[in-house]
Novice: 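Questions regarding the structure given below will be posed in turn.
The chains referred to below are lettered A, B, ... by the order of the sequence lines, with proteins before strands, and numbering in each begins at 1.
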Amino acid sequence: MKSRLVRIALAALIAGVSTAAIARDLTVISWGGNFQDAQRKAYFEPFAAETGKKVVDDSWEGGVGTLRTRAEAAGDPGWDVIHVEVEELQIGGAEGLFEPIDWSKISAKDELIPAAQNKYGVGAITWSAGIAYDADKAGPAPTSVSDFFDVEKFPGKRALRKGPKYALELALIADGVPVDQVYSVLRTPEGVDRAFAKLAKIKPDLVFFESGGQAIQLLASGEASQVLAFNGRVTAANQTDKRNFKFIWPGSIYALDNWVILKNSPNKEEALKFIDFASRASQQQILPQLVAFGPTNTKATAALPEAVAAELPTYPKNLAGALQIDATFWSENIEPLTERFNAFASQ
Amino acid sequence: MSGNGAARARRARLSTVVLLAPMALFLLAVIGVPLFLLVWQSVADRDVAIGLPRTVAMLAEGEGAPSPAIYPALVADLAAASDSAVGRVARRLNIEKAGLRTAVLAARATALESPSDPVAALQAADGRWAQPEIWQAIRAASGPLTDRYLLAAIDLERDAKGEITSRPTELAIYRSILTRTFVIAASVAALCLALGLPLALYLASLPPKFAERWLLVLMLPLWTSILVRAMAWTLLLQSNGLVNSLLQRAGLIAQPLDLAFNRFAVLVAMTHVLLPFMVLPIYNALRAIPKTQLMAAGSLGATPLQSVVRVYLPQARAGIAAGLLLVLASAAGYYITPALVGGPADRMIGTFVELAVIRTNNPGLAAALGLVALLLFLALVGVLIAALKPMRALEGAR
């Protein structure tokens, strides 16, 4: 009796261990919330249906350190495909944390915009970060980045992402720096001091969030009256939760995110197949209808109805007065400025 | 006969060693090795020397500006190193001076093209290769040991002359964070003692069967994930949460109180989590004291309060000390709970270790912060133990 139990337990243990060693499902990491819900419909589920293999998806909150810890761990890093921001692509690529992309396997290569074709990454979406507010709430509606910093005329808490990115740019724009000079000012120590000084003025009213989804929650619950939000999540909240959130385009910051494959991923081939799938026009045109982030596939962009296109970061009217993120500035300065930002936030 | 005895003693010693060996190896693996790695990580500075061996060797030969021969050496180093070795050099030099990451990566791209004129090619790739600062940065980062992370962990740095000075005020936060960490931990320990001591006294007075049931109830929260408990406290305490809406409905307050995302919420949530660690050791100590002593004290004329304070509690001091240490040690290492239910001014040292690992990509600083916190904590424990000693001596004299 006892020996049978032991044998069963051993068999179960061996089965468990060996399946874990042989096949971990393709694991895709993105940014959670209604954005990842949309990705699930546009990419994860159709890809699983087409290949007959399961896709596991999970979320993260960014940070090269996370990627480095996993890529440099002995054996399986646990993640395969990751949706990263530009400076993570640059730093991680330089530190050898990603597998190089085999571009001969990306069938839609020629349809992708040039900025989407990188050595270690394939462009996934364009997005904008800017000020959002609830138009259903009483009181005057903010119209510019400066209004975010005007707590007299527009009372209520302000929510920023916990980190220097976007916060410093917005502070300088609100302080009167022309959009095309933001990064040249930020490259000087005086410029950094100036941005922090501007933030310090509204410090008592600032709250910080970690994930893009939290920004929408803070706005929805009324905890914050103005938040830094990602444009697609704002329109998705309006669509699915019948909200009346508005996004301020002038002074918003736009950028391109990439799919990368983590070094030592045991599912490299599968991961590349997934990225190939997610680059096709047929899939890329689904996503913007659910969450207003722009495709990187030009054919997908061309196929979008005007009403959807008008909500995207790359729509000409939305680009007016917007600032393109400077990936080089952030790959050089993300670490020291994050340290300073945390010091600022915790005091 | 005596030889026999010696052999038996040897066997006994041997079996002791054999029996203790697994535990000793386990302790070495889970405490000794990580501790060694922590210390090593906080002072090691080898990325640049490994990535650029020829350059570092040439720089070590003399002070001041290097000879032009350094450029071919650098090109040879950068062409031979792996992507990840170059990436580490770039990261390390970027810590020395923000912006050097780009200079290193541009030089790497140039080196791979094996330029015929390394000096001109490198200086064309990035203007900083013509400046003396970049060579000073490489020299400063050439290791093999550094004190920059340990100094940074106590808000100090070295200036251009190598003298130790304070870090700029906008970065000098770690002393106040360490103080804050121990203030929060001590407050939680005090709260746990204030709540846990009466509870333990009451439980110890119950018949064991009932007391054990209550202990199970007390330990129930331990079976819930710490994350879930923190989220539950946020739901209860936030401005439109359960507590505020109940108080408002009862007409006790007009405006919602600020209960969540501040120090109050952190203390409440942490005390909730850590209370069992205070109650259990005290309860255990109290159980070991014969009840008859209380009766004896009473029969000798002591009031109930007197008999508890002067007879009962002094004997439970070991349990109280154990509870205090357990709570203090656990609380000092908390970071998820304060990050979830507290505000930015309640983040403890654990949060900053995490930030250094994940956000600012600086494992050296993370290790140094951990090491400094550990040393401070050991010093604190030493003081606590030393404070308990004279009392024990007094007891012996009595």
Side-chain angles (χ1 to χ4, degrees), chain A residues 60-72 87-88 90-98 100 119-120 157 162-165 187 189 192-193 196-197 200 203 206-208 210 218 221-223 263 327-347, chain B residues 47 81-91 93-106 108-109 152 155 167-174 176-177 180 238-241 260-261 339-340 342-348 351-352 354-363 365-366:
Chain A
W60 75 317
E61 279 151 12
V64 176
T66 315
L67 302 175
R68 197 149 67 87
T69 316
R70 286 185 177 266
E72 292 182 353
E87 89 281 358
E88 285 152 358
Q90 283 202 356
I91 299 175
E95 291 198 10
L97 307 182
F98 307 137
K119 187 177 171 193
Y120 292 100
K157 295 267 183 206
K162 204 171 118 205
K165 237 187 328 170
R187 278 195 161 86
V192 172
D193 288 343
F196 274 105
K203 178 99 185 280
L206 276 180
V207 290
F208 301 103
E210 304 264 0
L218 285 167
S221 70
E223 293 272 333
K263 193 101 191 163
T328 305
F329 173 81
W330 281 117
S331 79
E332 287 180 348
N333 292 291
I334 187 76
E335 292 139 1
L337 289 182
T338 300
E339 193 180 6
R340 176 150 174 196
F341 188 89
N342 287 326
F344 164 79
S346 68
Q347 270 164 352
Chain B
D47 290 344
S82 69
D83 264 357
S84 79
V86 175
R88 284 158 183 271
V89 171
R91 178 171 57 87
L93 291 181
N94 208 58
I95 293 175
E96 205 61 40
K97 176 140 183 38
L100 292 189
R101 170 172 276 133
T102 323
V104 172
L105 297 179
R108 156 82 160 176
D155 297 341
R167 280 188 111 192
T169 44
E170 69 267 14
L171 290 176
I173 51 163
Y174 296 123
S176 71
I177 301 292
R180 174 193 296 172
Q238 67 191 4
S239 58
N240 51 1
F261 310 119
L340 285 177
D346 306 305
R347 304 273 192 272
M348 296 166 66
T351 306
F352 289 84
E354 189 217 6
L355 283 169
V357 173
I358 288 179
R359 298 280 160 191
T360 55
N361 207 1
N362 191 341
L365 179 63

Novice: Select one option (side chain, backbone, both, neither) describing which atoms of A:E210 are under 4.5 Å from chain B's heavy atoms.
Specialist: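 Just its side chain gets close to chain B.
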
Novice: Quick one: pull up CG in A:N342 and CD1 in B:I173 and give me the separation to the nearest 0.5 Å.
Specialist: 7.0 Å

Novice: At their closest point, which heavy atom of B:P344 faces which heavy atom of A:A345, and how far apart are they?
Specialist: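 So the minimum-distance heavy-atom pair works out to CB-O, 2.9 Å.
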
Novice: Would you say that A:S346 contacts B:R180 through its side chain, given a criterion of any heavy-atom pair below 4.5 Å between the two side chains?
Specialist: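 Result yes, sub-4.5 Å side-chain heavy-atom pair found.
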
Novice: Please classify the contact between B:I358 and chain A as side chain, backbone, both or neither, with a heavy-atom cut-off of under 4.5 Å.
Specialist: both

Novice: For each of B:V86, B:V357, B:L365, B:N362, tally heavy-atom pairs with chain A at distances under 4.5 Å, and name the one with the top tally.
Specialist: B:V357

Novice: Using salt bridge (Lys or Arg N to Asp or Glu O under 4.0 Å) as the criterion, list what pairs up with B:R167, not counting sequence neighbours.
Specialist: A:E339

Novice: Side chain from CB out, backbone as N, CA, C, O: work out which of these in A:T338 comes under 4.5 Å of a heavy atom of chain B, or both, or neither.
Specialist: both

Novice: I'd like to know if B:R88 pairs up with A:E72 as an ion pair, taking the criterion as any Lys NZ or Arg NE/NH1/NH2 lying under 4.0 Å from an Asp or Glu carboxylate oxygen.
Specialist: yes

Novice: Would you give the length of the straight line joining atom CZ of B:R359 to atom CD of A:E61, rounded to the nearest 0.5 angstrom?
Specialist: 6.5 Å

Novice: Side chain, backbone, both or neither: which part of B:I177 has an atom under 4.5 Å from a heavy atom of chain A?
Specialist: side chain

Novice: Which bit of A:R68 is near chain B, if near means a heavy-atom gap under 4.5 Å: side chain, backbone, both or neither?
Specialist: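 Interface part for A:R68: side chain.
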
Novice: Give, for atom CZ of B:F261 and atom CD of A:E223, the distance between the pair rounded to the nearest 0.5 Å.
Specialist: 6.0 Å

Novice: Under a 4.5 Å heavy-atom cutoff, which of A:I91, A:V207, A:T69 has the most pairs with chain B?
Specialist: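 The answer is A:I91.
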
Novice: Please rank B:A85, B:A103, B:G99, B:A98 by heavy-atom pairs under 4.5 Å with chain A and give me the top one.
Specialist: B:G99

Novice: So which part of B:I95 gets closer than 4.5 Å to some heavy atom of chain A, the side chain, the backbone, both or neither?
Specialist: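 B:I95 has no heavy atom closer than 4.5 Å to chain A.
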
Novice: Heavy-atom pairs under 4.5 Å with chain B - which of A:G163, A:A94, A:G96 has more of them than the others?
Specialist: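 Looking at each of A:G163, A:A94, A:G96 in turn, A:A94 comes out on top.
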
Novice: A side-chain contact here means heavy atoms from C-beta on lying under 4.5 Å apart; do B:N361 and A:E95 qualify?
Specialist: yes

Novice: Nearest 0.5 Å please: distance from the NZ atom of A:K119 over to the CG atom of B:D83.
Specialist: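 Reported to 0.5 Å precision, the distance equals 5.5 Å.
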
Novice: Could you report the tightest heavy-atom contact between B:A172 and A:Q347, atom names first, then the distance?
Specialist: O-NE2, 3.9 Å

Novice: Which bit of A:K162 comes within less than 4.5 Å of chain B, counting heavy atoms only: side chain, backbone, both or neither?
Specialist: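 The side chain, not the backbone.
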
Novice: Measure distances from B:A345 to the heavy atoms of chain A and classify the residue's part below 4.5 Å as side chain, backbone, both or neither.
Specialist: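 Both backbone and side chain.
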
Novice: Taking B:R101 for the side chain and A:S331 for the main chain, is one N or O donor matched with an acceptor at less than 3.5 Å?
Specialist: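 Side chain of B:R101 to backbone of A:S331, a donor-acceptor pair under 3.5 Å: yes, one is there.
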
